Amino acid sequence: MRILQLHVDFVEYLPVKKEIDDAEPLLKNEKELIEDTVVILTSIENGDDETLIEDFVKETLDYLKKIKCNSVLIYPYAHLSSSLEAPKSAFKLMTQLEDALRASTDTIVVRRAPFGWTKELGIKVKGHPLSENSRAIVKKNTERQPGTLVEVVSSKSDAIDNEGSVSSALAAEKDLKSNWYVLTVEGALIPYDGYKFKKSEINLENLFKYEILRKRTVEDQPPHVKLMRKLGLADYEPASDSGNMRFYPKGRLIKSLLEQFVTKKVSQYGGLEVETPIMYDSHHPSMESYFNRFPARQYNIKSDQKDLFLRFAACFGQFLMTKDFQISYKNLPLKLYELTRYSFRREKSGELVGLRRLRAFSMPDCHAFCQDINQAKIEFLKRLDLSVSVMEEIGITPEKDLEMAIRFTKEFYTNNKEFVQNLVSKIGKPVLVEMWDDRFFYFVLKWEFNFLDNSGKASALATDQIDIENGERYGITFIDESGNKKNPIILHNSPSGAIERVIFALLEKSAKMMKEGKTPYLPLWLMNTQVRIIPVRDEFIPKCAELLDQLKTNSIRADIDDREDTLSKKIREAETEWIHYTVIIGEKEVATNSISVRDRLKKSSYSTSIDELVKLIKEPMKGKPDLPINLPEYLSKRPRIAS
RNA sequence: GGUCAUGUAGCUCAGCCUGGCAGAGCGAAGGUUUUGUAAACCUUAGGUCGCGGGUUCAAAUCCCGUCAUGACCUCCA
């Protein structure tokens with residue numbers, strides 16, 4: 001027996017005609033509307049009998065209790081299974097389920113829709129995480145599983161759309177089966193359980209464990225949360241919805257720098273920057289058809305008479321725009337880019353931790369519209385190069401810090417082995433492969449770089465997909481060489497992943513270093529203070545100001561600790577702020593016209609000239625954006641922000 | 001949504017088990033000190049112990065409810 005439990009705002013149905021001869025007689029033939037109830041779509045399968053009643057009742061009562069609802073509708077629904085029981089026995093068991101459920105409680109209203117009828121069905125499923133729940137209930141001793149309850153559609157319960165009827169995606173979803181492999185640089189596709197991970201491949205092994213076995217070492221709060229607070233970058237904002245963070249000046253500066261950097265890289269690659277609205281009409285035809293596939297994770301806004309939702313990606317904004325372009329094959333590939341600030345996804349409250357996953361996030365998103373699969377494949381490789389270079393320059397190297405996963409359909413792989421192989425050899429180390437027998441998603445292939453954090457959780461950063469569906473879905477067309485209208489293939493690339501998540505990865509990487517006893521740091525080009533200048537006594541502050549000006553002229557962010565504190569304490573604070581270079585100015589320096597530099601990473605201090613220091617800092621900043629310091633230059637003027 | 005935690009000064013937390021004067025460090029303000037590479041010293045201010053109810057002579061402490069937050073589970077187009 002298979003059941004799908006739905007917690008709904010309302011359900012309405014109207015029996016239209018008899019589907020089978022054994023259909024039960026109707027008590028009344030009119031539209032039935034029930035509000036705030038649980039609908040249990042139920043399929044009785046071959047071999048099911050009354051031994052399952054107990055489990056069905058228990059399962060139902062548990063679910064009702066969990067979501068605090070006291071009304072239930074048993075709804076005969078054949079489409080959950082391909083091996084149905086004969087109608088007569090199925091009907092009998094259905095009524096037994098109803099009776100048993102009614103007998104088990106006196107607080108819950110039990111209803112049942114008629115059996116054997118074709119019915120019009122209207123449903124509005126609630127938005128909360130538990131509102132959709134599916135189960136297979138099987139006999140105790142005949143089945144493979146020791147328990148009586150087996151999760152079926154464990155992954156995506158979003159196969160039901162939020163306004164209309166049960167979508168066809170449900171059927172496809174059920175058949176979605178993943179096969180897991182390691183694909184080596186040499187091109188061998190090895191089933192994951194037959195692959196021997198080397199010592200150096202511990203991260204890849206962890207990625208497999210995470211993806212397949214769902215294993216992780218349980219730790220408390222991930223370390224980056226403490227760090228983002230300690231460094232005064234970001235924090236939770238209790239007055240907003242969770243997953244919407246506040247960013248302090250230092251954190252905002254890091255974001256600005258990353259945003260500008262990624263945007264410049266994409267622009268150099270040929271991406272055209274555009275801007276699209278942050279909210280959309282839920283009832284626009286393009287939106288409705290999209291929701292039929294991927295519903296229920298967005299912020300909804302009711303404004304006047306309109307139902308709006310906040311965008312969860314830049315995709316549809318760019319697609320709606322491109323639909324109105326007149327495009328020749330000569331214009332392709334056409335690359336559009338937007339860095340969304342923000343995209344919104346109402347992720348379940350439990351999955352939000354620090355900067356790892358947010359409900360409001362900044363996402364660089366670059367779509368390439370291509371003529372055909374051959375052009376798409378060529379472009380796809382270019383974008384992998386772009387992504388690798390973006391990640392590397394940010395300070396997270398694919399080689400050491402990231403593991404690639406490639407996911408594709410069996411069909412695509414069979415026809416494009418060499419191409420897939422090409423991707424892997426560009427990475428130069430084995431990758432995780434997930435292969436699907438059939439295509440359920442809109443893409444035939446995607447890859448992503450995963451960062452493994454200190455709790456063994458994998459988070460995707462850069463990613464790219466080959467989309468063969470949305471060109472048609474959104475009515476995007478171009479005119480080909482022979483004058484025919486065609487739908488392009490669309491590539492979806494984020495060369496860095498969400499900006500906030502990049503910061504998460506940088507902080508987790510630092511935490512890893514601390515664990516290994518190394519000095520943690522953030523890349524110099526992302527530091528709000530690149531040089532801290534400390535006078536030995538107040539009388540040297542003017543000299544420090546001179547130095548500050550010289551550094552500023554060279555686009556170096558520096559500040560002066562002019563507070564009333566001891567030198568030791570100021571140095572200590574510079575250390576705890578992870579400032580790379582600290583300069584001390586006192587009698588000696590004034591007399592010799594030199595500066596004394598303390599290098600935090602090299603753990604050394606030495607005397608040098610300003611020019612040398614400028615060179616030292618400018619070198620790693622080549623090609624990086626240039627922004628002024630985002631706090632008062634004199635520390636005595638700063639409020640205290642970090643805790 | 002479930003389970004388990006947590007909520008005390010601006011911040012980090014102790015006190016709660018075993019009911020009896022509301023505590024510490026950091027930070028802030030004022031003063032002393034003028035400092036050479038990871039924390040100078042003194043003084044002062046700062047509290048609806050999340051909120052509501054109950055038990056008690058007496059509640060931060062025990063009980064019930066409620067709100068908020070976190071971790072985990074689940075999930076993650």
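Note that the coordinates shown come from a computational prediction; the quantities given were computed from them, not determined experimentally. Chain A is the first sequence line, chain B the second, and so forth, proteins listed ahead of strands; every chain is numbered from 1.
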Just compare B:A39, B:A77, B:G36 and give me whichever is closest to any side-chain atom of A:L567.
B:G36

Considering only atom P, compute the distance from B:U56 to B:G50 and round it to an integer number of Å.
23 Å

Given B:A38, B:U34, B:G27, which nucleotide is nearest the side-chain atoms of A:R640?
B:G27

Rounded to the nearest 0.5 Å, how far apart are CD of A:E587 and NZ of A:K543?
13.0 Å

When both hydrogen-bonding distances must be under 3.5 Å and the geometry is Watson-Crick or G-U wobble, what is B:G36 paired with, if anything?
none

Ranking A:G243 and A:F540 by the position along RNA chain B of their nearest nucleotide, the one closer to 5' is A:F540

Can you find a heavy atom in the side chain of A:R439 that is under 4.5 Å from one in the side chain of A:F408?
no

Separation of atom NE2 in A:H224 from atom P in B:G70, rounded to whole Å:
12 Å

Return the residues of residues 594-608 of chain A meeting this criterion: a heavy atom under 4.0 Å from some atom of RNA chain B. Order them by number, or give none.
A:S596, A:R598

Which base, if any, makes a Watson-Crick or G-U wobble pair with B:C57, both distances under 3.5 Å?
B:G20

Using a 4.5 Å cut-off on heavy atoms from C-beta on, say whether the side chain of A:L233 contacts that of A:F247.
no

With rounding to whole Å, what would you report as the distance between B:U43 and B:A59 at their C1' atoms?
34 Å

Donor-acceptor pair, distance only, cut-off 3.5 Å: does the side chain of A:E589 make one with the backbone of A:G586?
yes

Paired nucleotide for B:A5 [Watson-Crick or G-U wobble; both distances under 3.5 Å]
B:U69

Rounded to whole angstrom, note down the C1' distance from B:A45 over to B:G10.
12 Å

Any side-chain to backbone donor/acceptor pair from A:T37 onto A:S71? Under 3.5 Å, distance only.
yes

Just the rounded figure in Å: distance from P of B:G27 to CD of A:E577.
14 Å

Could you check whether A:S596 and A:K588, counting side-chain N and O atoms only, form a donor-acceptor pair closer than 3.5 Å?
no

Protein-nucleotide distance (A:E539, atom CD; B:G36, atom P), rounded to Å:
12 Å

Which nucleotide in B:A77, B:G36, B:A40 has an atom nearest any side-chain atom of A:I584
B:G36

Select base, sugar-phosphate, or nothing to describe what A:E573 touches, counting heavy atoms under 4.0 Å on all strands.
nothing

Distance between the C1' atoms of B:C75 and B:C17, in whole angstroms?
38 Å

Rounded to whole Å, please give me the gap between CZ in A:R229 and P in B:G27.
20 Å

Taking atom C1' in both B:G19 and B:C63, what distance in whole Å separates the two?
13 Å

Any donor and acceptor pair, going by atom type alone, linking the side chain of A:N493 with main-chain N or O of A:T463 inside 3.5 Å?
yes

Nearest-Å distance for atom pair CG/C1', residues A:L231 and B:U12:
16 Å

Listed nucleotide nearest any side-chain atom of A:Y442, set B:A77, B:G36, B:C72
B:A77

Counting only side-chain heavy atoms from C-beta out, which of B:A38, B:G27, B:G36 sits nearest to A:R572?
B:A38

Keeping the roles fixed (side chain from A:N454, backbone from A:E508), state whether a donor-acceptor pair exists under 3.5 Å.
yes

Under 4.0 Å between a side-chain N/O of A:K569 and OP1 or OP2 of B:G27, yes or no?
yes

Round to the nearest Å and state the distance from A:D561 atom CG to B:A38 atom P.
15 Å

Around atom CD of A:E539, are there more than 12 heavy atoms from other residues, nucleotides or ligands closer than 6.0 Å?
yes

Provide the distance between the two P atoms, one in B:C51 and one in B:U33, to the nearest whole Å.
45 Å

Side-chain atoms of A:I571 come closest, of B:C73, B:U35, B:U37, to B:U37

Measuring only the P atom in each nucleotide, how far is B:G70 from B:U8? A whole number of Å is fine.
15 Å

When both distances are under 3.5 Å in a Watson-Crick or G-U wobble arrangement, the nucleotide paired with B:U74 is none

To the nearest Å, how far apart are A:Y210 OH and B:C72 C1'?
13 Å

Rounded off to whole Å, could you give me the CG-to-P distance for the A:D565 and B:A38 pair?
15 Å

If each of A:K588 and A:T566 is mapped to the nucleotide of RNA chain B with the nearest heavy atom, which maps nearer the 5' terminus, i.e. the 5' end?
A:K588

Whole-angstrom distance between B:A60 and B:G20, as gauged at atom C1'
13 Å

Between B:U35, B:G70, B:A77, which nucleotide gets closest to the side-chain atoms of A:Y236?
B:G70

Re B:U44: Watson-Crick or G-U wobble partner, both distances kept under 3.5 Å, found to be B:A28

Spell out yes or no: do the side chain of A:E564 and the base of B:G31 have one donor N/O and one acceptor N/O closer than 3.5 Å?
no

Could you state the interatomic distance from CD1 (A:I278) to OG (A:S343), rounded to the nearest 0.5 Å?
8.5 Å

